Structures are given as structure tokens and as C-alpha cells.
Participant: 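To start, I am sharing the structure in question, which I have written as C-alpha cells.
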Amino acid sequence: MTTSTTETAADRSARPAGDNRRKILEATMKRFQYQGDALIEVLHKAQELYGFLSPELLSDIAQRLHLPPSRVYGVATFYHFFSLAPQGEHTCTICLGTACYVRGAALLLRELEELSGVKAGRTSADGRFSLLTARCLGACGLAPAAVLDGEVVGHADRSNLAARIRSLLGREE
Amino acid sequence: MDLHELEAIAERELAQRPRLRILYCSATGCQASGALEIKRRLESLLAETGRQVEVDVGAVGCLGLCGRGPIVRIEPSGETFEHVKPDDAAEIIAALDGHSCDVARCDQNHPFFTRQMLIVRRHCGLINPDRIEDYIAVGGYRSLYHVIHEMTPAEVINAITRSGLRGRGGAGYPTGLKWATVAKSPGERKFVICNADEGDPGAFMDRSILESDPHLVLEGMAIAAYAVGAEQGFIYVRGEYPLAIERLQKAIAQARRHGLLGAQIFESGFNFRVDIRVGAGAFVCGEETALIASIEGRRGQPRPRPPYPAESGLWGMPTLINNVETFANVTAIIEKGPEWYSSIGTEKSKGTKIFALTGKIRNTGLIEVPMGITLREIVEEMGGGTPDGSPVKAVQTGGPSGGCIPASLFDTPVDYESLAAVGSIMGSGGMVVMDAHTNMVDVARFYMEFCKDESCGKCIPCRVGTVQLFNMLTKLRNGQAKPSDLSKIEELCELMRETSLCGLGQSAPNPVLSTLHYFRHEYEQLIGAEGNHGS
Amino acid sequence: MAAKTLTIDGHLVSARPGETLLAAIREAGITIPTLCHLDGLSDVGACRLCLVEIEGQRRLQPACMTMVSEGMVVHTNTPRLQAYRRQIIELLFAERNHVCAVCVASGNCELQRLAGMVGMDHVRYEYLSPDCPVDISHARFGIDHNRCVLCTRCVRACDEIEGVHTWDVAGRGVDARVITDMNQPWGTSTTCTSCGKCLLACPTGAIFPRGVTVGERPHASERIALIVDARKQRW
Amino acid sequence: MSRLRIATIWLGGCSGCHMSLLDLDEWLIELAARADLVYSPIADAKRFPPNVDLTLIEGAIANDEHLELAQTARRHSKIIVSFGDCAVTGNVTALRNPLGTAQSVLQQVYIEHGDPGGVIPRDPGIVPVLLDKVVPVHQVIPVDYYLPGCPPSAPRIRALLEALIEGREPATDIRYG
């Protein structure tokens, strides 16, 4: 589907032997008795395991759940959570909910775009960093809020976020 | 499980509990501000002095003042500290022993606290959400026992009806009536769904309830299931709320282990099983028919009602859908009686409502207030006005479906009808405060962008109307609009309100209409000086 | 079962129980615009063109999904409804690139007819002019997304009548598109039976048979001379 | 009664609508008995004159010259008719819109798909500058009547003109394509 798969991301998704992700996914589907109703739960699991939903993975799920491929694709593209392309190794999600918006989240996002050279919703060319946005994380008391690799950062501003992103990316070099 | 065992658990729990306790808020807000590090420091300090048994360091749910986290509270004195840093740990332990301490205290005589009335949040900040024993110790699951053994389903519905409880998800449909419809509707199976897809940006009360007191919601659902004759329940939670999901999972497992969910609850013939369904990021799934489609594993697109889910819902069966806060009100009504409940609030809006007070406001956080309180009391007294003391311009209630209420109308009482009369809605309880720096056209445009991105695409007025409105507002913002564009905007708003398929599209124009109504001059200022087009 | 009596635009009409309001309206000889409805398929109530006013009901209701009931008083063509219908058609024309002049369905298109029916003499909204693909990978049919109105009649015809479900909708909002299988070129679909029911169901020129576009018309002018030559040799 | 002053202008379109107008054949002679054609691609006037009673505009607004002419026509005309699909909807002329801005369209046409070593023509004042988007006439000036069609047939043109000349409201007549 997508040709934007970067080398690093592709490497990550093609793990060597001993990959038991398929088994875990199978177990999830079995737990739901391979019912089509469980499609969203299964997609959640698949994305958790593989990081994104490749066409092959979606076809596979369609087959196992006895669903038409177009239905699976339609569901996968309806929900924001599901990503059909690999995400960066590190992600920073900026909350654009109302409370954060009123407290300058849009400006913060623009600054991070400039700093990282990655547009909102995109992944850097080397596949290391994704800059994402969210529709309210429900952490309005900490506005503006961000999530850095799964961890909520409250009262986010340019300097504290930039420093943390830099250290995340730097640590592995 | 029977009543004696329940009481025994409670007694054991209370007897074991150390007198000295340090309770820290473990909800998302305070965790993000470093609550867990403070907990570790407290524990290691106590361990160093061998006091880890004498003093209990416990997690509790949200204390409400999220903007000042991390919050820590000590018992028995009840002193509450704000903006706590890990280095404050020693001082807090000193305070526990009655010594003076320099850590900033929350002023609990502030109207932010004193004007609140806690029904739904009555356990928040007192119990550990991860422990069913804590919930049982404060009287939990007694209402369920009472209902199963001493009330008929009809009596339960009657009690809810008489309480005057209305849906807290936004529209305010009478809860008792909904329960009665589901109970009456024929169907071989029935379902109870808890709508925890709290999607309104600026609202996080449901998240806080689930993170602070998950059993309260489960017990409310079980009572509802008993009343309407359902044996299966689902909680549909936003995927953005991982902590709430984790706590719910734990709570369900604990309740099941204690025989409070599952088969033959309290040794009766009543069975009730609850499963979690995790949303995948679609605001429209807050709409009940879309939510049902999503649980069925389909695209979350709404369908026209009638038939209502109460008659034909999940898999075509009668289905009760209530929001988290609605279910969280149920045990209090059973416990204290419908008359007590209906004595709170206004004539048509009973009980309390939780609001998330955010934006340009000094005291950010969650408040539970009796219906009928005025916006002024909330914003000025409880919220303390804007952080820099400048005047508040407006407050936005109801999220993308609501409207902006100008400061001149702050004497409006907060109830379903009054908020609707000034062009907004109660909504799920978001209250975003705006000051002079907030441009209202920007606010309208912000919400329209949200609705455009969240439109499911099924019906034409919403799918295309949101985009057209967004483009028109953008043009306006860039000074490229003509005077005739304002009436075009209004006309399109009317179309969407009257012809969209679901509530998302029908209410999407509200932020535009309310700002146009109260802040029309801000729109007019943006219209190009060139005047009428072309001539 | 007793027939239901209702009033439609001032006329007393009798309808069978369980019948939709749309059927009753049509039986009464009244025409109202529809787009996503197609006789034989399930209804979705998505296009909002058949909305009618029902006395005593706060909201407008889609006639295609509303069941008749005794004593119902229905208005199908009030000035308000006329204005809404026109606006909806305007929104549709502005959404994608509907250029009748170069469309294979011109003259046999429901959208084109609806524009006339609701009196849409121009579109007041800005055209969104999206960049939509045309897929002619299938041997017998093509799909031009520029002309698709997302009525989902193809999706339902394929699922409910052919029983295959090759089609579905992907994405959401204004970015939603009908797709085949895994959003792959139609010609590579492994489920499509090439039955053509989607073509039959499509109200516009979005799904079209191959060979009818101008560029596809079989021209072979050199064959004329060939024929003349051949005849000469026989004579 | 003074003679009517009629104008027709040809903007971003193929002139097919004007051809259709000429299809009115002998009725044009009747028309000439009652009205003067004061400006038209088929007449020899260089400037759009003042005090025009009725102007038919064929074609969409695709460049700065179209825009200026449409605005001039509006200033000097009592009634403006959007004449044909290009004027009413943008039609074929607007098919370039999905390709992006004017610059991107020129790039694609003259460089990417044009001659090798092609250049984008640029001659200010002589070659009109493309607008970023092709828009229908009513998006730049107020329009009084619409006659869609590609082209509108001669009888439909006649019906509209007859009504307007006689001061009647023309019957609604909508047919795209």
C-alpha cells in the first residue's frame, strides 16, 4: 500500500526467527472465537504487537475472522488509532484539545515541527521520530499536555519538550 | 459472597488500616507531574526509619485540583499539599508527626472545595482505586446487595425515575425512562453499555471517575442490569485512557473473584458479566448508535433513530446506554433514596454535575457542584478567575457540541434547560474559560476543524458542511470574506442542525452560532474593508 | 392487519403496516428526491434528501427509514425542505469534480436530474476540487472517484445482492472513498465476480462500463479503405 | 421604447455557448430589430461600453483578464447572466483545479508534460496571468440569472432572452452538461 516504509522501520517489522507475535495474535483471535465482532479488539492487539497494520497483516486477519478484506480495511482506516504505516521509534503526541489549545498548543506544535523538521502526523525520514497530534488526552488540568513515548508530559513547553526529545534520540546514538 | 462476608471484608480492612496515612493522587494528571517519584521517596524514607508498617503510603484517586498536582494528603489531620516535589517527602513525614512544614498547602476553605457537593466523587481521594477492599470498606456493593435481595426490578426503575436523574452524557434524557423502556422491550438478550468514550476536548470527568473509583461505576451498571434484565455489559472506553482501562480491568477481575460480578451474584439468580471494549479514536463513537456499531466491530457510523437502542441496540437487542457519570450516581440514589437525591438541584435538573474547569482559569481541575449553581459562582468564586486577574470573556461548555457563553450571562444557573436557552448545552461537563486574548472566530474555527476531522462521512450535510464551514471561517480569519458570507455561514449552520443524521452533525454548528450570536462584532471586524464583492 | 391511514401533503393516504413512508409517498403519486435509497437494497438514511416534516415530531425524518403509522401527518415539500434539498445537492456538487460535460453518465445521471429537480441553478459554496483517482484496472468496469457521491449503493448491492462484499468505504469524513478489497486496483480484486451489480446500482457516472468513454471508442478508420479494397477484389 | 443594449463576453470557455447562440439563426434578426449588440466576441468593439441592459457571460474566471472584464461588465450592466456550464460551475475549464496552484499547473503542462527544455510563457500585459483556482462567475461578481448547459441549446437561450427582453421572470430551466 504505502511505499514510505523506511529501511529502519522495515527492519524492525521483519524480526528474525523466534517471532511469536503471530502466535499471540492467533491466541487473541481464538479467545474471541474468531468472531467478526471482535475485529477492533484484534486490530488493537495486532497494532500493539507489530506497531502498525500492514496490508498483509490485515488480509491475514480478514481471512481468520472470515471477513471481507474491504470491511477490515474500511474499519482500520476509520479509526485514528490504527496506523497503516510504520511509526517512528519514538513518538511525541501533542494534545490539541480545547484546554491545551487555549493554552497555546497549536503554537507549541508549530515550534516542534520547526525544531524536529517533521510535520505533524509524519515520521522522520530515518524512521526514528514521529510527531503526532491527539484530540484531547483528558489531561486538561496540565494543559498544554503531550505524550512522549507513552508518558504524559504536563505543562509542556518548547524548551522542556525539545530537550527531552533530543535526549531520547541522542541516547541511542 | 453474602452480606456478612461483605461486612467482614470492610471490618478487616478498617481494622488493618494504620492510623497514619500518606495518600497521594495517582490519577493521570498527578502521575504526569511526578506523583510516583514522590511515592518512592516517601516509602524509602519511611523504610530507612523502620516505619513502613506504621505509616501507610497509599494511592488514591483524583482529588480534583489537577492544575496544582502532584497532590498529597495526610491522615488523620487531613492536611493536603499541592505542587509537591520529591524533595518534600521528609517535610511531609514531619507534618504527619505534627511538626511544622513548609510545603504549600491547599486551602481547603477555599470556595473551590467548600462550594462542592460530592456524590459521584465522594470516594475520590479517599480510596485506593486498585483495591476492592477499599471500596467495600466505604460501603461499596451494599446497594447492589440491597437491590438484588430487597427490591424488584420495577422498584429500582421507580426509584431512579423518582430521583429525577438525567443522562450526564450531554442530552439529559431522563434515566429512569430509558431504563423503563429497555426493561419493557422484548428481546431474548439485553445489554447494558457504559459509554466511557469521553471525547469532548476539555472534558475529563469520566476519566477521573474511572481512574479513582471504578467499582462505583461497575456497581451502578450491575444495578441497571438487574433493573432492565440484562446479563451482559460492556464498558466502551477511549483508547486514550490507558490508566482507566487498566484500573477497570483490575476492578472487574476483583469483583468477579469476589462474586460481585459473574454468575449468581450475592447467591441470587442474577448474573452479570462486564467486558471492556477499547475505542480506537473516533469522537463520533460517543453517539450511541455509532458506539454500538463499534462494539460490533464495524465502522463507527451512526444510523437514524428510531429505532432507539433501548428497543433495538447491540446485535438488534434492547440495549441500555448510559454515560459513566450517570451510572456513578446510581448507588447514592439507592443508598440514600430518590427523595434525598431529588431534593438537590433545580426543578428539572436534579443532583450534582461534575465539571472540568480548564483554560484561562486560576484553579484548574474537577468540581462537583449541585445543579443550579451559577456560572459566576463556578468561574469567579471556585475557579478564582483568570490567572493574571484580567476579566473572563466567556466560558465554553459542552465541547464541540456546545456554545460560548459570554461573561454578561454568568448569572445563568447551570442546568440542562438554562444552558440550552443561552445557546449552549450541558454536555459532558467541559468548561473552558476564555479571556480577552481568545479570539472567538478562532474558537469557532477550532471546533469546526475538530468536527470536520471527526465527521464519519456518512451523511452529506455533516461530511461536506463541516468542511465548507471550516473553509469559510478560515477565509474569514484571513480577512478574505465578504459581508454576504456571514449569512451563508448561518444558512449552512441551519442546514447542518436540521438535516444531519446524528448529534455530531446536528450540534457541530453550535460553537459557530453561539459565537456569532454573542460576539458578532469579532466576525464583522474580520470582514474585508472592500465591502460588497466586485462592485 | 389493518391498513394505516395517514395524511400526506393534505391528502388522505392508506398504507400497509410496516411500509416505509417513502413507499406511501410514492404510492400517493408524490415525488420526493432520493439518492442513497435504491429499491431492493437496505436503507441507510444517509443522503438526507428524502427528509420530511412529520407533525408532532421535532426533527425531520428520512422517509426511506420511517415506518408509516396511523394518523401521521406528513409534509413532503415545504419551502424549508426545498431549501435544504437544494443546499444538499449544492454541497454534493461542490464536494468532488462533477463535470457533466465530460461524463459518461450525462443524460442518465441521478445527480444531474436531482440538480434540476431541486432547482439548483448554481452552487454557492466553494468547489473543493479534490484530486481523485480513476481506476480502470478492471477489464469490464471503471471507477472515477471524481463522480462518486458516497451513497454506498454499490457497497450494499455487492454485499446484499451478489453476496460478495468486494466494496466498502475506507477513511472518514470528506476523505472517505469506496474501495475494493484492500484498497487495491479493482482489476486485482480477488473477491469481485465481475457481476456488474455495482454498475447497475451507481446513480452517477462513478462506476461505468469500459469502452464508453471518448478515448476508449473503437476507432479504426483505416479499415474503411480495407473494406473498399476487399470489395474491389471480389468484383 | 429605446432599444436594448446587449453584450456577450467570452471568458474561460470554448465559445461553444456563443456557437449555440448563433444557432438561433433567423431569430437573431428578430432580436436585432429590438436590441443592439454593443459588445461581443462576434462584434467589433474594443472596450466594454457603459449602460448595458443585459450581458451574457460565457466561460469561467481563469485569469486576471477574465476577472477584470467580469468586474467591468458588472459595473456597466443591469443584468448579468451566467451563460453555460463554464460560467455557472467552472466546468471543463475548472478541471485544472485538482492539479494545484497556477504555478503547479504551468509546471506540469509546460515542463513536465511539455517539450523537452520547455519554458513557462511569461509576458506581463500580453499573456494574462492565471489565477490559482478557476472559479465560476458568481464567485467574483453578483450574477442575476443562470443558464447552465454545455452548451445551452438555442431554444433555451431564446426562452431566457425573450423573457428578459420582455421584462418577465424567466422560467427555471436547469440542465447541466
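Quick caveat, the model's predicted, so the values are computed rather than measured.
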Participant: Write out, in numerical order, the residues from residues 437-445 of chain B with a heavy atom short of 4.5 Å from a heavy atom in chain A.
Facilitator: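 Within residues 437-445 of chain B, near chain A: B/Asp442.
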Participant: Is B/Ala356 close to chain A through its backbone or its side chain, or both, or neither, when contacts mean heavy atoms under 4.5 Å?
Facilitator: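 It is neither, since no heavy atom gets under 4.5 Å.
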Participant: If you measure from CG on A/Leu39 to OG on B/Ser294, what distance do you get to the nearest 0.5 Å?
Facilitator: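 Nearest 0.5 Å value for the CG-OG distance: 9.5 Å.
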Participant: Using the side chain to side chain donor-acceptor pair (under 3.5 Å) criterion, which residues pair with B/Ser26? Sequence neighbours excluded.
Facilitator: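 Applying side chain to side chain donor-acceptor pair (under 3.5 Å) to B/Ser26 gives B/Arg247.
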Participant: With a 4.5 angstrom heavy-atom cut-off, could you sort out which part of B/Glu454 is near chain A: side chain, backbone, both or neither?
Facilitator: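 The answer is the side chain of B/Glu454.
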Participant: Check each of A/Val152, A/Val153, A/Leu142 against B/Ser33 using the side-chain contact (heavy atoms from CB on, under 4.5 Å) test, and report the only one that passes.
Facilitator: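 Among the candidates, only A/Leu142 passes.
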Participant: Identify which part of B/Cys285 has an atom lying under 4.5 Å from any heavy atom of chain A, answering side chain, backbone, both or neither.
Facilitator: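 Just its side chain gets close to chain A.
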Participant: Give, as side chain, backbone, both or neither, the part of B/Asp453 having an atom under 4.5 angstrom from any heavy atom of chain A.
Facilitator: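 Both backbone and side chain.
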Participant: Is B/Ile276 in contact with chain A via its backbone, its side chain, both, or neither, using a 4.5 Å heavy-atom distance?
Facilitator: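 Interface part for B/Ile276: backbone (N, CA, C, O).
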Participant: So with a 6.0 Å cut-off around CD of B/Glu37, is the heavy-atom count from everything else above 12?
Facilitator: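 Counting other residues, nucleotides and ligands, CD of B/Glu37 exceeds 12 neighbours.
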Participant: Determine yes or no for a side-chain-to-main-chain donor-acceptor pair under 3.5 angstrom, with A/Tyr79 supplying the side chain and B/Gly300 the backbone.
Facilitator: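 Between the backbone of B/Gly300 and the side chain of A/Tyr79 there is a qualifying donor-acceptor contact (under 3.5 Å).
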Participant: Quick check for you: to the nearest 0.5 Å, what is the distance between A/Leu67 atom CG and B/Arg298 atom CZ?
Facilitator: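 The distance works out to 11.5 Å.
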Participant: Considering only heavy atoms, which portion of B/Val278 lies under 4.5 Å from any heavy atom of chain A: side chain, backbone, both, or neither?
Facilitator: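 For B/Val278, backbone and side chain are both near chain A.
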Participant: Select one option (side chain, backbone, both, neither) describing which atoms of B/Pro511 are under 4.5 Å from chain A's heavy atoms.
Facilitator: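 Contact with chain A is absent: no heavy atom of B/Pro511 under 4.5 Å.
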Participant: Where does B/Glu211 contact chain A at under 4.5 Å (heavy atoms): side chain, backbone, both or neither?
Facilitator: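 Neither; nothing under 4.5 Å.
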Participant: Kindly say whether B/Arg277 contributes a backbone atom to a donor-acceptor pair with the side chain of A/Glu41 at under 3.5 angstrom?
Facilitator: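 Flag not set: sc A/Glu41 to bb B/Arg277 has no pair under 3.5 Å.
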Participant: If I measure from the heavy atoms of chain A, does B/Leu366 come under 4.5 Å with its side chain, its backbone, both, or neither?
Facilitator: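 Neither part; nothing is under 4.5 Å.
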Participant: Give the C-alpha distance, both sets of side-chain angles, the deciding distance and a yes or no for side chain to side chain contact (heavy atoms under 4.5 Å, CB included) between A/Ile40 and B/Glu296.
Facilitator: CA-CA 9 Å; A/Ile40 292 171; B/Glu296 291 173 353; over 6 Å; no
Participant: Counting only non-hydrogen atoms closer than 4.5 Å, does B/Phe283 touch chain A with its backbone (N, CA, C, O), its side chain (CB onward), both, or neither?
Facilitator: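 Neither the backbone nor the side chain of B/Phe283 comes within 4.5 Å of chain A.
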Participant: So what's closer than 4.5 Å to chain A heavy atoms on B/Val284: side chain, backbone, both or neither?
Facilitator: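 Just the side chain, heavy atoms under 4.5 Å.
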